[in-house]
Q: 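Quick one: structure below, then a few questions.
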Amino acid sequence: MSETTLTAKTPALTEELRESPFMRACRREPVPYTPVWLMRQAGRYMPEYREVRARHTFLEMCKKPEVASEVTVYAAHRLNVDAAIIFADILLILEPMGLDLEFAKGEGPAIHNPVRDARDVGRLREVEDAGALEYVYEAIRITRRELRPHIPLIGFAGAPFTVASYMIEGGGSKNYVHAKRLMYTDAGAWHALMSLISRALVGYLNAQVAAGAQAVQLFDSWVGALGPDDYREFVLPHTRSVIERITPGVPVLHFGTGTAALLELMREAGGDVIGLDWRVRLDEAWARLGDVAVMGNFDSVALFTNPEVVRRRARQILEQAAGRPGHIFNLGHGILPETPVENVLALVEAVHELSSNKSLESEV
Ligand code: CP3
């Protein structure tokens, strides 16, 4: 572990932040209303985002702290959500590790020199304190100053499997043929790669905390491609090693999609809050997980309806949570680009209103 990691400090949590509904829910304490935030809340569905985006490439936006901060703060305030997430990307860490990253127009991310075998793994750079990602830490410092003082800021990174799968596939993938081939044929190279990524993630996440993030989220967006035995052997020890080394006292949100068969194992890997996608019932998933907070799990596609349907479906999720401490409302995955803003606003309002009204059932 690097010196930076060992000495990383949690910036003094103000009373306001510590007692905010989001932070209380992370600790499974009672809240006056269910806190809500939305993955990809600062994104293309929002006209103000598209306006800024028209003047910069996506990577430029990430690398200009004032711009990243502006869109982070704007989205959180506009939506009236209970937490902000720093505008960045899970793939930024690939650059200091020696990979050539591009977000090609309309085609999603591309890595031009993907990692395919043990030799490629050997060429990757160790990123001890992720100093090359200083622009993210600066964006966090600015955002912490600009955000309302009671709104926590979430830092984030990809989880080791999801980061590794991008490195190996060279972009998005349907079947993860390259990633699984490396995993199944050269376990040594696989574990070496996952360890290298995990060390980088620890430094990166703790530096985000030191810069002013109150919580961190690990996105294991593609881990649902694995069955439980492979998760246990090839992923769990690495994800756990990251979560264990996060600055003590900082809540960790551990999110994945397609994870219905993996929830208990994700719990074993760690996290104070387990993120659920929309394919599971929240109450059943929570029963399986036990004593941990949960986040989710509204279907992003249901935002393409109207405020009445949105409200009805939000209520169904709140009813499953049944007012138990430790529920953070979110989508089951990110907001999609064409989503009508008015339905997003209606969702946040519905969650606040319905959850502060103790008699959920009495409303027609
Ligand atoms: O949630 C937020 O508002 C914070 C910002 C954020 C972004 N990416 C901004 C972004 C976060 C938390 C992410 C995480 C991320 N990035 C994930 C995990 C979350 C998930 O969705 O599962 C993944 C898999 C990525 C990788 C990534 N970044 C992809 C696949 C793409 C292309 C998506 C597409 O549809 O083109 C991106 C680009 C990206 N990251 C955009 C945004 C707002 C769109 C960029 C643009 O404006 O063109």
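Read the numbers this way: they start at 1 and go in the same order the structure lists the ligands and their atoms.
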Q: Numbering the atoms of ligand 1 from 1, which are under 4.0 Å from a heavy atom of Ala88?
A: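 Counting atoms of ligand 1 from 1, those under 4.0 Å from Ala88 are 5 (C), 6 (C), 7 (C), 8 (N), 9 (C).
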Q: Number the atoms of ligand 1 from 1 as they appear, then name those within less than 4.0 Å of a heavy atom of Ser221, with their elements.
A: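 Those of ligand 1 that fall under 4.0 Å from Ser221 are 18 (C), 19 (C), 20 (C), 22 (O).
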Q: At what distance is the nearest protein heavy atom to atom 26 (C) of ligand 1, and which residue and atom is it?
A: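 Looking at atom 26 (C) of ligand 1, the protein heavy atom closest to it is Asp89 OD2, 3.5 Å.
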Q: Among His333, Met46, Lys105, which one has a heavy atom closest to atom 21 (O) of ligand 1?
A: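 Minimum heavy-atom distance to atom 21 (O) of ligand 1 goes to His333.
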Q: Please could you name the atoms of ligand 1 that Pro109 approaches to less than 4.0 Å, counting only its heavy atoms?
A: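 In order of numbering, the contacting atoms are 29 (C), 30 (C), 31 (C), 32 (C).
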Q: Have a look at Phe156, Tyr45, Tyr49 and point out the one with the heavy atom closest to atom 43 (C) of ligand 1.
A: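 Going through Phe156, Tyr45, Tyr49 one by one, Tyr49 has the nearest heavy atom to atom 43 (C) of ligand 1.
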Q: Any chance you could lay out the salt bridge (Lys or Arg N to Asp or Glu O under 4.0 Å) test for Glu268 and Arg232, step after step, and finish with the verdict?
A: CA-CA 9 Å; Glu268 220 179 298; Arg232 188 184 287 107; 5.5 Å; no
Q: Could you list the atoms of ligand 1 found under 4.0 angstrom from a heavy atom of Gln41?
A: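 Counting from 1, the qualifying ligand atoms are 1 (O), 2 (C), 3 (O).
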Q: Below 4.0 Å from ligand 1: does a non-hydrogen atom of Gly172 turn up there or not?
A: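 Heavy atoms of Gly172 never come under 4.0 Å of ligand 1.
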Q: Below 4.0 angstrom from a heavy atom of Met39, which ligand 1 atoms are there? Numbered from 1 as shown, please.
A: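 Atoms satisfying the 4.0 Å criterion: 1 (O).
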Q: How are the rings of Phe234 and His191 set relative to one another: parallel (under 30°), tilted (30 to 60°) or perpendicular (over 60°)?
A: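 Because their plane-to-plane angle is under 30°, the rings of Phe234 and His191 count as parallel.
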Q: Within ligand 1, which atoms have a heavy atom of Ile85 less than 4.0 Å away?
A: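 Those of ligand 1 that fall under 4.0 Å from Ile85 are 1 (O), 2 (C), 3 (O), 4 (C), 12 (C).
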Q: Does the plane of the ring in His352 sit parallel, tilted or perpendicular to the ring in Tyr33? Use 30° and 60° as the thresholds.
A: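 Judged by the thresholds at 30° and 60°, the geometry between His352 and Tyr33 is perpendicular.
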Q: Between Phe156 and Phe255, does the ring centre distance come in under 6.0 Å?
A: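 Between Phe255 and Phe156, which both carry aromatic rings, the centre distance is not below 6.0 Å.
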Q: Counting only N and O atoms by type, is there a donor-acceptor contact under 3.5 Å from the side chain of Asp82 to the main-chain atoms of Ser20?
A: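 Checking the backbone N and O of Ser20 against the side chain of Asp82, no donor-acceptor pair under 3.5 Å is found.
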Q: Can you tell me which residue and heavy atom of the protein come closest to atom 1 (O) of ligand 1, and the distance to 0.1 Å?
A: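 For atom 1 (O) of ligand 1, the nearest protein heavy atom is Arg40 N, 2.5 Å.
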Q: With the threshold set at 4.0 Å, does a side-chain nitrogen-carboxylate oxygen contact exist between Arg18 and Glu15?
A: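 Answer for the salt bridge query: yes.
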Q: Thr162 to ligand 1: N or O pair under 3.5 Å?
A: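 Checking ligand 1 against Thr162, no N or O pair falls under 3.5 Å apart.
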Q: Should Arg141 and Glu138 be marked as a salt bridge (Lys or Arg N to Asp or Glu O under 4.0 Å) after you check the CA-CA gap, both sets of side-chain angles, and the distance that decides it?
A: CA-CA 5 Å; Arg141 286 190 286 268; Glu138 180 60 12; 3.0 Å; yes
Q: Any atom of ligand 1 sitting under 4.0 Å from a heavy atom of Ile86?
A: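 In this structure, Ile86 qualifies as a contact of ligand 1 - some heavy atom is under 4.0 Å.
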Q: Would you call the rings of Phe87 and Tyr49 parallel, tilted or perpendicular, where under 30° means parallel and over 60° means perpendicular?
A: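 Tilted.
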Q: Please list, in number order, the atoms of ligand 1 under 4.0 Å from a heavy atom of Phe103.
A: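 That gives atoms 28 (N), 37 (C), 38 (C) of ligand 1.
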Q: Tell me which one of Trp37, Phe87, Phe58 gets a heavy atom nearest to atom 39 (C) of ligand 1.
A: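 The option holding the nearest heavy atom is Phe58.
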Q: Can you classify the ring geometry of Phe161 versus Trp190 as parallel (below 30°), tilted (30 to 60°) or perpendicular (above 60°)?
A: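 Answer is tilted, since the angle falls between 30° and 60°.
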Q: With Leu303, which of Leu336, Val344, Val309 fulfils side chain to side chain contact (heavy atoms under 4.5 Å, CB included)?
A: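 Single side chain to side chain contact (heavy atoms under 4.5 Å, CB included) partner of Leu303 among Leu336, Val344, Val309: Val344.
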Q: Would you mind telling me if ligand 1 is within reach of the side chain of Arg44, the backbone, both or neither, using heavy atoms under 4.0 Å?
A: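 Under 4.0 Å from ligand 1, Arg44 contributes side-chain atoms alone.
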